[in-house]
Amino acid sequence: MTSRVRHCARLGIVVLGILCIASGIYLFRNWIEMFTRMRGKEMALSPTSRSYEGWKISPLPLNFDVYIFNWTNPEDFYVGSGRKPRFEQLGPYRFRESPDKVDIDWHNQNDSVSFHKKSWFYFDAAGSNGSLSDIITQVNTVTHIAAKRAADSWVGRAGINFANKMYGQQLTVTRTADEMLFKGYEHPFIKLGKFLRPDDVPYVRVGFQYPRNGSTSFDGDINMFTGADDIAKMGQIHTWNSMTHTGAFEGTCGQVHGSMGEFFPPNLSTNDSVYMYMPKMCRAVPLDYTETVTVHGVTAYKYSGTEHAVDNGTLYPESSCYCVGGKCPSIGVIDISRCAFNASVYMSYPHFYKADPRFLEDLEGLQPDREKHEFFMTLEPNAGVPMDVGGGFQANYYIEPVPGISIYENIPKLMIPMIWCEERVRVSEEIAADIALVPLIVLLGQIVTGILLAGGLICTCWYPTRQVTHFCHSDPKAKASVLRPLTAFGVNPTAPTAPMAQLFRTNTSASGNERVGVRLLDYRRDSGLREEESVGIAESSQRERLIGVDSPDVIVR
């Protein structure tokens with residue numbers, strides 16, 4: 001091989017190394033984004049995409065657990081009784097949920113899809129702690145709402161008092177668990193309201209989950225993005241009941257945004273918060289990162305409901321818009337009256353978890369526990385796919401005195417717990433194995449990036465490293481020829497300002513050979529420089545001597 005060919009080969013290796021380094025840097029900066037785009041083209045929601053069937057009908061069994069609070073001593077609820085209201089949690093009443101998406105309409109102009117959620121609920125007696133025939137006593141919310149609305153005039157007050165006596169209305173109402181939930185029960189004031197003001201009374205029965213079973217309108221009309229134009233928007237709600245702002249809260253608190261629960265933005269970090277839109281609360285609930293966990297061997301981030309979701313501006317100033325009508329309840333409860341037909345309904349975590357302690361001090365029977373009452377969403381961070389979901393929210397009713405209404409004149413103010421629901425779902429090992437492919441591909445991309453960078457550095461530095469190694473192992477004459485230019489630094493050998501010249505002296509012997517004299521400093525082992533005692537080498541500073549050309553310490557070439 002000629003020297004020209006060798007030179008071209010060496011140059012080609014260096015160029016290859018530079019290209020590998022450039023490619024590695026590019027992948028390092030853009031690999032995740034590139035993979036996200038490729039995945040988005042395949043996973044974006046459409047009638048033919050892989051994600052469509054799992055989105056339309058959940059492949060996982062869904063359990064819907066309901067807990068109801070039974071009021072055990074309502075007869076002691078009056079000012080001066082000296083006894084706290086006592087509540088007993090009943091349940092869970094477990095239902096197997098069979099959800100479906102219906103009335104699907106695709107909108108290509110903004111890459112979104114509209115639909116209604118339709119679910120059927122089947123009672124699971126074996127998984128329940130109680131029967132649907134259980135007798136439960138709850139606050140009579142309908143009568144109290146009617147009393148508050150009629151209290152502005154003496155005619156209204158007189159009419160409510162007359163109706164209460166005629167229909168035998170009391171502070172509480174007692175029904176079966178089935179009636180309290182999906183079946184519902186008739187109330188005389190509902191019938192009266194339907195006759196007098198039909199537009200203000202949307203239902204004919206009263207029940208926490210009535211008429212949800214089989215209904216297509218319970219959760220409203222939902223329009224969300226498919227992710228066809230941007231995978232980060234996939235599953236994010238666009239409008240609810242054709243609104244981008246609910247009007248239930250002022251400013252940003254009333255904006256319609258967040259996930260509907262099936263898809264979340266990809267490439268999440270521990271500094272992110274995710275938002276889940278809750279139609280029955282007319283708002284998006286923030287979930288903050290709390291810990292990294294493992295689900296079926298897949299690393300996932302757990303995002304939980306913290307004080308952030310139930311604050312009214314006390315800890316998070318941006319949450320002050322959740323105050324309704326200028327009234328800000330204590331931290332831990334959110335006024336959703338404008339989303340609940342102007343009823344005094346407040347949402348909180350179960351058992352007033354993370355709420356102001358005074359809510360627990362005013363009553364008996366509730367015990368908040370993080371393991372039982374935390375609302376969380378565990379997501380695979382690269383894909384933004386839910387792995388484990390749990391927890392829920394509790395509905396409370398704020399009861400207060402109503403002047404002029406006999407059954408409400410002598411009662412204290414109290415936040416009364418009524419019900420809380422929880423949906424639990426965890427992916428199977430088979431689904432987790434499919435989800436695990438996403439972080440695996442991300443890892444492979446990072447490995448390829450590392451290989452390109454390492455290979456590029458090796459190729460780029462190979463020839464210079466080879467030359468240095470060859471020089472280090474060359475004979476002394478070759479080294480001296482390379483180092484000879486260093487003697488050019490010593491232009492005036494006798495000048496004290498030429499240190500390099502003082503170290504290297506070039507002399508020519510009689511035979512014409514060049515001899516290099518190296519000036520060495522003579523040291524004592526114990527005290528540093530030693531003054532020379534030889535005659536003719538006396539100096540005012542610490543002494544040094546120049547090894548003569550005849551010295552055995554000089555290498556002669």
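Heavy atoms only: backbone and side chains are in, while hydrogens, waters and symmetry mates are out. In this chain, residues are counted from 1 in sequence order. Just so it is clear, the model here is predicted, and its values are computed rather than measured.
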### Query
Less than 6.0 Å separating the ring centroids of Tyr277 and His257?
no

### Task
Check whether the side chains of Thr172 and Asn140 place a donor and an acceptor atom closer than 3.5 Å, and report yes or no.
no

### Query
Is atom CZ of Arg50 surrounded by more than 12 heavy atoms (other residues, nucleotides or ligands) closer than 6.0 Å?
no

### Query
Could Lys101 and Glu53 be called an ion pair, given the rule that one side-chain N must be under 4.0 Å from one carboxylate O?
no

### Query
Do the side chains of Tyr346 and Ile336 get nearer than 4.5 Å, heavy atoms only?
no

### Task
Assess the pair Tyr349 and Phe393: is the distance between their ring centroids shorter than 6.0 Å?
yes

### Query
For residues Ser112 and Asn223, is any side-chain donor paired with an opposing acceptor at under 3.5 Å?
yes

#### Entry: Side-chain (Trp240) to main-chain (Asp219) donor-acceptor, under 3.5 angstrom
yes

### Query
Under a 4.5 Å cut-off applied to non-hydrogen side-chain atoms, are Met347 and Gln394 in contact?
no

### Message
Rounded at 0.5 Å granularity, tell me how far SG in Cys421 sits from OH in Tyr67.
### Response
10.5 Å

### Task
Establish, yes or no, whether a centroid distance under 6.0 Å links the rings of Phe376 and Tyr303.
no

#### Entry: Check against side chain to side chain contact (heavy atoms under 4.5 Å, CB included), Phe264 and Ser259
CA-CA 6 Å; Phe264 288 85; Ser259 170; 3.5 Å; yes

### Summary
Scanning both residues in full, the closest heavy-atom pair of Val298 with Ala432 reads CG2-O, 3.6 Å

### Task
Please tell me if the side chains of Phe77 and Arg83 come closer than 4.5 Å, counting only heavy atoms from C-beta onward.
no

#### Entry: Distance, nearest 0.5 Å, that separates OG of Ser320 from CG of Asn312
9.0 Å

### Task
Report yes or no: does Ser51 contribute a side-chain atom to a donor-acceptor pair with the main-chain N or O of Met43 at less than 3.5 Å?
yes

What pairs of donor and acceptor atoms, side-chain ones from residues 327-334 against any protein atom, are under 3.5 angstrom apart with sequence neighbours left out?
{"unit_1": "Ser330", "atom_1": "OG", "unit_2": "Arg358", "atom_2": "NE", "d": "3.1"}
{"unit_1": "Ser330", "atom_1": "OG", "unit_2": "Arg358", "atom_2": "NH2", "d": "3.4"}

### Query
Any chance the side chains of Glu75 and Asn73 put a donor and an acceptor closer than 3.5 Å?
no

### Message
Quiz question: by atom type and distance under 3.5 Å, do the side chains of Thr137 and Thr174 form a donor-acceptor pair?
### Response
yes

### Query
Side-chain donor-acceptor pair under 3.5 Å between Ser215 and Lys117, yes or no?
no

### Query
What distance do Thr226 atom OG1 and Leu45 atom CG have between them, rounded to the nearest 0.5 Å?
6.5 Å

### Task
Test Val345 against Asn396 for side chain to side chain contact (heavy atoms under 4.5 Å, CB included), laying out the working first.
CA-CA 6 Å; Val345 179; Asn396 311 282; over 6 Å; no

### Task
Rounded to the nearest 0.5 Å, what's the gap from OG1 on Thr239 to CD1 on Ile237? Could you check?
6.5 Å

### Task
Would you tell me whether Ser269 and Asn271 have side-chain atoms, one donor and one acceptor, within less than 3.5 Å of each other?
no

### Task
Determine whether Gln236 and Pro265 make a side-chain contact, defined as any pair of heavy atoms from C-beta on separated by less than 4.5 Å.
yes

### Expected output: side-chain Asn108 to main-chain Asp111 donor-acceptor under 3.5 Å
no

### Message
Distance check, rounded to the nearest 0.5 Å: Lys354 atom NZ versus His308 atom NE2?
### Response
13.0 Å

### Query
Which heavy-atom pair separates Ser128 from Phe123 by the least distance, and what is that distance?
OG-CE1, 3.3 Å

### Task
Would you check if there is a donor-acceptor pair between the side chains of His107 and Ser114 at a distance under 3.5 Å?
yes

### Query
Does NZ or CZ of Arg283 fall inside the cone over Tyr322's six-membered ring, less than 6.0 Å from its centre and within 45° of the axis?
yes

### Query
Is any NZ, NE, NH1 or NH2 atom of the basic residue among Glu186 and Arg175 found under 4.0 Å from an Asp or Glu carboxylate oxygen of the other?
no

### Task
Give the ring-plane orientation class for His144 versus Tyr397, where under 30° counts as parallel, over 60° as perpendicular and anything between as tilted.
perpendicular

### Query
Within the distance-only criterion (no hydrogens, no angle test), does the side chain of Glu179 pair as donor or acceptor with the backbone N or O of Thr176 below 3.5 angstrom?
yes

### Query
Is the shortest heavy-atom distance from the side chain of His116 to the side chain of Asp221 under 4.5 Å?
yes

Quick one: side chains of residues 204-211, donor-acceptor pairs under 3.5 Å with protein atoms, not counting sequence neighbours, listed by atom name and distance.
{"unit_1": "Arg205", "atom_1": "NE", "unit_2": "Lys183", "atom_2": "O", "d": "3.2"}
{"unit_1": "Arg205", "atom_1": "NH2", "unit_2": "Gly184", "atom_2": "O", "d": "2.9"}
{"unit_1": "Gln209", "atom_1": "OE1", "unit_2": "Arg212", "atom_2": "NH1", "d": "3.0"}

### Task
For this output row, return yes or no: ring centroids of Tyr167 and His187 closer than 6.0 angstrom.
no

### Query
Side chains of Leu171 and Trp71: does their closest heavy-atom pair fall under 4.5 Å?
yes

### Task
Salt-bridge test for Glu262 and Lys56: reply yes if a basic N is under 4.0 Å from a carboxylate O, no otherwise.
no

### Task
Decide, yes or no, whether a salt bridge links Lys118 with Asp100 under the criterion of side-chain N to carboxylate O below 4.0 Å.
no

### Query
Is a side-chain donor or acceptor of Asp362 paired with a backbone partner of Met415 at a separation under 3.5 angstrom?
no

### Heavy-atom closest contact (Pro401 atom, Lys413 atom, distance)
CD-CG, 3.8 Å

### Message
Treating Gln138 as the side-chain partner and Met418 as the backbone partner, does any N or O pair qualify as donor plus acceptor under 3.5 Å?
### Response
yes

### Message
Whether the side chain of Asp311 engages the backbone of Glu307 through a donor-acceptor N/O pair (distance < 3.5 Å, no angle test) should be reported.
### Response
no

### Message
Whether the side chain of Thr290 engages the backbone of Lys302 through a donor-acceptor N/O pair (distance < 3.5 Å, no angle test) should be reported.
### Response
yes

Show me the side-chain donor-acceptor pairs of residues 84-97 shorter than 3.5 Å, one per line, residues at least two apart or across chains.
{"unit_1": "Lys84", "atom_1": "NZ", "unit_2": "Glu361", "atom_2": "O", "d": "2.7"}
{"unit_1": "Arg86", "atom_1": "NE", "unit_2": "Thr72", "atom_2": "OG1", "d": "3.1"}
{"unit_1": "Gln89", "atom_1": "OE1", "unit_2": "His351", "atom_2": "NE2", "d": "2.5"}
{"unit_1": "Gln89", "atom_1": "OE1", "unit_2": "Trp420", "atom_2": "NE1", "d": "3.0"}
{"unit_1": "Tyr93", "atom_1": "OH", "unit_2": "Asp134", "atom_2": "OD2", "d": "2.7"}
{"unit_1": "Arg94", "atom_1": "NE", "unit_2": "Asp65", "atom_2": "OD1", "d": "2.8"}
{"unit_1": "Arg94", "atom_1": "NH2", "unit_2": "Asp65", "atom_2": "OD2", "d": "2.9"}
{"unit_1": "Glu97", "atom_1": "OE2", "unit_2": "Ser119", "atom_2": "OG", "d": "3.1"}

### Message
Using modelled atom types and a 3.5 Å cut-off, is there a donor and acceptor pairing between side-chain atoms of Lys233 and backbone atoms of Ala228?
### Response
no

### Summary
CZ (Phe352) and CG (Leu366) are apart, to the nearest 0.5 Å, by 6.5 Å

### Query
For Gln255 and His245, what are the C-alpha separation, side-chain angles and deciding distance, and is it a side chain to side chain contact (heavy atoms under 4.5 Å, CB included)?
CA-CA 4 Å; Gln255 290 181 349; His245 195 286; 4.0 Å; yes

### Expected output: side-chain His296 to main-chain Val427 donor-acceptor under 3.5 Å
yes

### Query
Do Val425 and Asn63 pass the side chain to side chain contact (heavy atoms under 4.5 Å, CB included) test, and can you show the C-alpha distance, the side-chain angles, and the key distance before you say yes or no?
CA-CA 7 Å; Val425 60; Asn63 289 327; over 6 Å; no

### Task
State, with a plain yes or no, whether a side-chain heavy atom of Leu287 is found less than 4.5 Å away from one of Thr306.
no

### Query
Gln367 and His373: side-chain donor and acceptor closer than 3.5 Å?
no

### Any donor-acceptor N or O pair under 3.5 Å, side chains Asp76, Ser81
no

### Query
Does a side-chain heavy-atom distance below 4.5 Å link Ser98 with Tyr122?
yes

